Amino acid sequence: MSRTSRQAVLLIFFYSVLAVAWGWRLLAKDAAAPQEASALDITRTTLASSLARAPRHLQQAAILQLATLPDHELQALHAWLKGVPEQRLRQLTVQQGPVHTPCPLHAALVFVELSRADAPLIDDSHLLISASGDRLGETHKIEALELLASQAINAHEMNLAVEIHERVCDSPAARWPNVLHLTEAARLARRPAAALRIVNQWLEAKTTRLDESQRESALDLQITLLLEGTRYAEASRIALDALRALQEADAIPLRHMERALLATRAAGESAELLPWIERQLRTCPEHRLSLADLASGKGITAGYRRWLHEGAAIADLNHQTSIACELFFRLAAMGETRVLARLQALAPQLGRGRELAEVLVRLQGRFSPLQLAQALADGDSPAAARALLIPHLHSSPQDREGWRLLAQIDIIQRGESAAPMLWESYLKRFPDDIPALQCLAKLQLAAAQYPQALDTLQSIPSQQMDDATLRRISLLATHLDDVPTAHRAQQLILSSAAKPAVTDVLALAATSLQHPDSITADAARNAALARLPAGTPLHTALTATPATGKVTQFSTAVEAK
């Protein structure tokens, strides 16, 4: 509901209550002077309209109180309305106010004053609200301070917003959402330590105000704020201490593990977490399965797979080779081909080459040799990828993707200098592979082999040449003084464009003048000019017939007088 609509509803409600109140007064024969009654009615109407800016939960009670307010308090409100905004707020908070306190109308008027366009400065309002004592209930005080903090953020006064939120969170009536609001403001002000101080206080309090869910959220937030403040070692210590506090028979809560993983990784102390990951894995039923059983892929949970990854990565990073190899084996048996390359490096060192071969055999029932070779090549194990790929290509000599991967692997092993020769060898087998032709041409251009690059690009069928290829051919041919080839490429550029660029037309016109076949060149030039907008000065200048004149005899001799 908009503010205007709410004001209309409040006014209707107010006048209804006012009619009842005045009817009761008339029955009691309590009549006021006409002028005084008129002034009081105006005061009631003005205040009732302004109460639309108060929180909704206060509006109804405030209007009911306003309608039945004694005349002496209404007269005090009439005089109060004439004051300046700062004086009005001061009377509501730290001085004697126009109405008795605490009451709904008094609290609603405080919010109305804070929401005015000409309200006092946020800093001043904050001090007045904080010093209001028992004139304002603690819950309403917190709500008013939260309003001021939001106004400070909107005014880009981030530090002031943090200060106000800290005052809120120090209140015994504060709740966990208030701490979250402080955290948001502290992050905007880049002061995570301010939020961390409050979070620590709430976690360390003897009488907790947090339920179990909120406490876990607070512990998460504590680690996050420590990391945002670059206090990595402290975050790691807190997270690991929480794990050490568990009994041997206790299950490790997942959130404890998540916090510890985040903190130890940031602090460079992930090796400290590895024993806890191994303990976590031992509680999983999948950890008791053999490699052959894991290969079936049945009953493997995402959590087990995730902690296998984390444990293997941490062990490998910290040179705990035997642990890393064992976890990599389990991942590979489950079909995680990304770990094959690293396993290929570790298993032979530990005398487990036969087990690796068995795992690869099992995987070939689920993945093609090309997929496995690609995984090994991506993991920087080109020799193992090549050894797996060669037998496959002997049995499938028409596997284009396999030969392409072999060329890429050979380039990795032999170096970039051998790349042109290897791609040429590949293209003898598959001469119509457009990406390979483009790759070879780029290599030839990089090596300044311009004639070879031009020949390579020209071997691409015309219907499969894109604009970039055609322009590259045109530039190369122009550089090599091959006018017919440049002219043909420029023709294809123009024919493939829905609306040819003027620069392309001019380039073709210039090349046509140098073409040895003038008839062909003139026809192409005229066709290109016909696609330009007719009647323009450029079109007229390009299509105009050159003027001719007649040469007559002349003499340079000086005529004698």
Side-chain angles (χ1 to χ4, degrees), residues 400-401 403-404 407-408 411 416 419-550:
R400 177 179 298 198
E401 294 302 320
W403 286 105
R404 180 195 294 274
Q408 293 169 345
I411 290 171
E416 287 295 326
M421 178 191 67
L422 292 169
W423 281 119
E424 287 174 2
S425 176
Y426 168 82
L427 286 166
K428 288 178 182 178
R429 189 180 295 270
F430 302 104
D432 58 341
D433 192 321
I434 307 304
L437 287 168
Q438 292 174 334
C439 182
L440 176 59
K442 288 180 181 178
L443 292 169
Q444 291 168 334
L445 283 171
Q449 299 174 353
Y450 303 126
Q452 295 88 332
L454 182 60
D455 291 340
T456 301
L457 291 173
Q458 284 185 284
S459 62
I460 300 175
S462 300
Q463 63 273 18
Q464 292 182 271
M465 289 183 180
D466 57 12
D467 185 74
T469 301
L470 289 170
R471 293 184 185 280
R472 194 171 290 121
I473 291 174
S474 175
L475 287 173
L476 278 172
T478 302
H479 178 72
L480 297 171
D481 293 329
D482 188 346
V483 175
T485 300
H487 190 267
R488 176 59 181 161
Q490 290 164 356
Q491 279 185 280
L492 292 174
I493 290 171
L494 290 173
S495 63
S496 62
K499 186 177 181 181
V502 174
T503 53
D504 292 334
V505 175
L506 293 176
L508 179 65
T511 308
S512 298
L513 298 176
Q514 307 171 44
H515 201 287
D517 187 348
S518 58
I519 297 176
T520 302
D522 289 344
R525 174 178 175 275
N526 293 334
L529 294 176
R531 299 188 63 186
L532 291 176
T536 62
L538 176 64
H539 182 269
T540 302
L542 292 173
T543 56
T545 303
T548 58
K550 182 177 181 181

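For reference, positions follow the sequence shown, starting with 1. Just so it is clear, the values below take in all heavy atoms, side chains as well, and ignore hydrogens, waters and symmetry mates. Owing to the predicted nature of the structure, the values given are computational and were not obtained by experimental measurement.
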Of all the heavy-atom pairs spanning [X] and [Y], show the shortest one and how long it is.
X    : Y    : value
P484 : H515 : CA-NE2, 3.8 Å
A486 : A477 : N-CB, 3.5 Å
L427 : A436 : CD2-CB, 3.7 Å

Query raised in the report: For D455 and Q458, what are the C-alpha separation, side-chain angles and deciding distance, and is it a side chain to side chain contact (heavy atoms under 4.5 Å, CB included)?
Result: CA-CA 5 Å; D455 291 340; Q458 284 185 284; 4.0 Å; yes
Roughly how far apart are [X] [atom1] and [Y] [atom2], rounded to 0.5 Å?
X    : Y    : atom1 : atom2 : result
E416 : L422 : CD    : CG    : 10.0 Å
I411 : L443 : CD1   : CG    : 7.0 Å
L476 : Q444 : CG    : CD    : 10.0 Å
I434 : C439 : CD1   : SG    : 13.0 Å
T478 : I473 : OG1   : CD1   : 11.5 Å
Q463 : L492 : CD    : CG    : 10.0 Å

Query - Donor-acceptor pair, side chain of S425 and main chain of M421, under 3.5 angstrom - result: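 No; zero donor-acceptor contacts below 3.5 Å.
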Requested in this report: Could you label the plane-to-plane angle of the W423 and Y426 rings as parallel, tilted or perpendicular, counting under 30° as parallel and over 60° as perpendicular?
Outcome: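 Perpendicular, since the angle between the ring planes exceeds 60°.
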Taking the side chain as everything from C-beta on, heavy atoms only, tell me whether [X] gets closer than 4.5 Å to [Y].
X    : Y    : result
L457 : L437 : no
Q464 : D432 : no
M465 : R472 : no
H487 : D517 : no
L470 : S474 : no
Q491 : T511 : no
D504 : Q490 : no
Q452 : L440 : no

